[in-house]
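Hydrogens, waters and symmetry mates play no part in the numbers below; they use all other heavy atoms, side chains included. In what follows, chains are A, B, ... by sequence order, proteins preceding strands, each numbered from 1.
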Number of protein chains: 2
Amino acid sequence: MIHPGKTVPLYPEINEVSIPRLFAYHRALAAVAATGKTLITSQGLAALLGIEISSHQIRKELCALGPRGRRGHGYAINPLVQQLALVLGLDHDWRIAILGFGYLGHAFATFITAREERFKVGAIFDTSPSVVGGEWQGIRVHDSSELEHILPGTSCNIGVIAVPAAAAQEQAKRLAAHVGAILNFAPISLGLDVPVIVRNIDLAGEMSILTHRLSFAQGLA
Amino acid sequence: MIHPGKTVPLYPEINEVSIPRLFAYHRALAAVAATGKTLITSQGLAALLGIEISSHQIRKELCALGPRGRRGHGYAINPLVQQLALVLGLDHDWRIAILGFGYLGHAFATFITAREERFKVGAIFDTSPSVVGGEWQGIRVHDSSELEHILPGTSCNIGVIAVPAAAAQEQAKRLAAHVGAILNFAPISLGLDVPVIVRNIDLAGEMSILTHRLSFAQGLA
DNA sequence: AAATGTGAAGAGGTTCACAGCG
DNA sequence: CGCTGTGAACCTCTTCACATTT
């Protein structure tokens, strides 16, 4: 049922865990569209993505965006790409503020801008004199003390915490006042009192999964 | 029931998602143990970790390792730390082979060795002449072509793929012949035919969660 | 009395079977 | 007939309530 007055469909019913998959669908479909193909089936898309995702799941997740397929034929690629871009917020650019421009910050900036053209780096901050004042892709690296001064003029709405753990808490607090979402690489839980969307990347935790499973595998042998 | 002859308890019933939390418990408890405390309750541990984990969950997960608490009192810290170390495989060192020593490989090496003393970098490979032949913490950076020659002598059992997407597939295949587990930062699904434990770090996917949720939040406003 | 240990209920996500359309 | 759309079963993980033990 569509409520009168509500013309923009929202998608709260999409599982958070499925978002990265939708992102993958979007990439794959955009690539296929570029070859001139206009129609694809859920099985065809599954084949494109490798063997890890079933056509069942693809259908379920695409259907959650609003039924768009033609039964017996498949999905028209172009509308689907546009729909996915809309749901993922990839119909416009995102400016990212990077806090901490050591190896990690640098790696992230390079990776993410190469990966998705909608992701731009809008501001870079660091505290090290050897980095501050330099440039990356024409973007000045500012001293972190200037954050409040610089950030409002950059229209960044996503921040990335790539500073050492000791500095993360304080810098995250200051960052949270200016962005709506934070990707955090620091191994601490940012105790933020402002409502901000936060994702933590737990690299040590990922490693511990590997060591646990390897230990268990060795125990079996 | 304990089977005769099986003296080492295995822990297949531990949820994979709980492993990073067990790792966090281990860290926090080890830190507390260093202060001289010998007893802690599930609530006390929850307080140490911040507000994100309930004492209920901590009890459930600790209990899955085998009941070790004293009702009415709490958990003896030292045995618990040892038990966690055993389950996580942190009772011995792990040697990590890093493929790709650009900014990401460098950042990962620095981060992970600082984070957990049991994680050591055992080998580093790259293809860039500007990096190959150099050293990091006394470890030589080898040319990737030497992988088969060097890796067997390093006793590395975990590999990290930090190379560009274009090179990831081929390098992962070669790596998989020598390690039991791989942490993959490349945005492709490594089609490996060897049985290897793989964890994929999907940074673009994490970003897409943020953009989706931000878009949705803006749609509400 | 105080905290653990644990079965049961609940929530979230995936897989399945098949109904529904083109 | 082919492929999508979808309710239901299923599985995994979290939360809860309370029995149990010191």
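Rounding to whole angstrom units, NZ of residue B:Lys60 and C1' of C:dA9 are separated by 11 Å. Regarding A:Ile58, its CD1 atom lies at a distance of 13 Å from the P atom of D:dG5, rounded to whole Å. Rounded to an integer number of Å, the gap from A:Arg68 CZ to D:dT6 P is 13 Å. A straight line from CD1 of A:Ile14 to P of C:dT14 spans 13 Å, rounded to a whole angstrom. With rounding to whole Å, B:Leu45 atom CG is found 14 Å from C:dA3 atom P. Between the CD atom of B:Glu61 and the C1' atom of C:dT4 there is a distance of 15 Å, given to the nearest Å. B:Leu80 places its CG atom 14 Å from the C1' atom of C:dG5, with the value rounded to the nearest Å. Residue B:Leu22 contributes atom CG, which lies 11 Å from atom P of D:dT14 at whole-angstrom precision.
Between B:His212 and B:Phe216, the ring planes are parallel. Angles under 30° get that label, and only those over 60° would be called perpendicular. Using the six-membered ring where Trp is involved, A:Phe108 and A:Phe185 have ring planes that are perpendicular, over 60° apart on the 30 and 60° scheme.
Closest-nucleotide positions on DNA chain C for A:His56 and A:Val17 were compared, and the one nearer the 5' end corresponds to A:Val17. Along DNA chain C, the nucleotide nearest to A:Ser18 and the one nearest to A:Gly72 differ in position, and the one closer to the 5' end is contacted by A:Ser18. Where A:Cys63 and A:His73 meet DNA chain D, the nucleotide closest to each residue was compared, and A:His73 sits on the side nearer the 5' end.
Across every non-hydrogen atom of A:Ala109 and A:Val121, the tightest pair is CB-CG2, 4.0 Å.
Here B:Asn15 reaches the OP1 or OP2 of D:dC13: one of its side-chain N or O atoms lies under 4.0 Å away. Here A:Arg59 does not reach the OP1 or OP2 of C:dA19: none of its side-chain N or O atoms lies under 4.0 Å away. At least one side-chain nitrogen or oxygen of B:Gln57 sits closer than 4.0 Å to the OP1 or OP2 atom of D:dT15. For the OP1/OP2 pair of C:dG22 and a distance below 4.0 Å, the side-chain nitrogens and oxygens of A:Arg70 include no atom meeting the criterion. When the side-chain nitrogen and oxygen atoms of A:Tyr75 are compared with OP1 and OP2 of D:dG5, one or more of them lie within a distance under 4.0 Å.
Under a 3.5 Å cut-off, the side chain of A:Asp91 and the backbone N or O of A:Leu86 do not form any donor-acceptor pair.
Side-chain N/O atoms of A:Arg71 and base N/O atoms of D:dG5 include no donor-acceptor pair closer than 3.5 Å.
A:Ser42 comes within 4.0 angstrom of the backbone, heavy atoms only, and of no base.
Remark: B:Glu170 engages B:Arg174 in a side-chain hydrogen bond (donor to acceptor under 3.5 Å, both in side chains) (not counting sequence neighbours).
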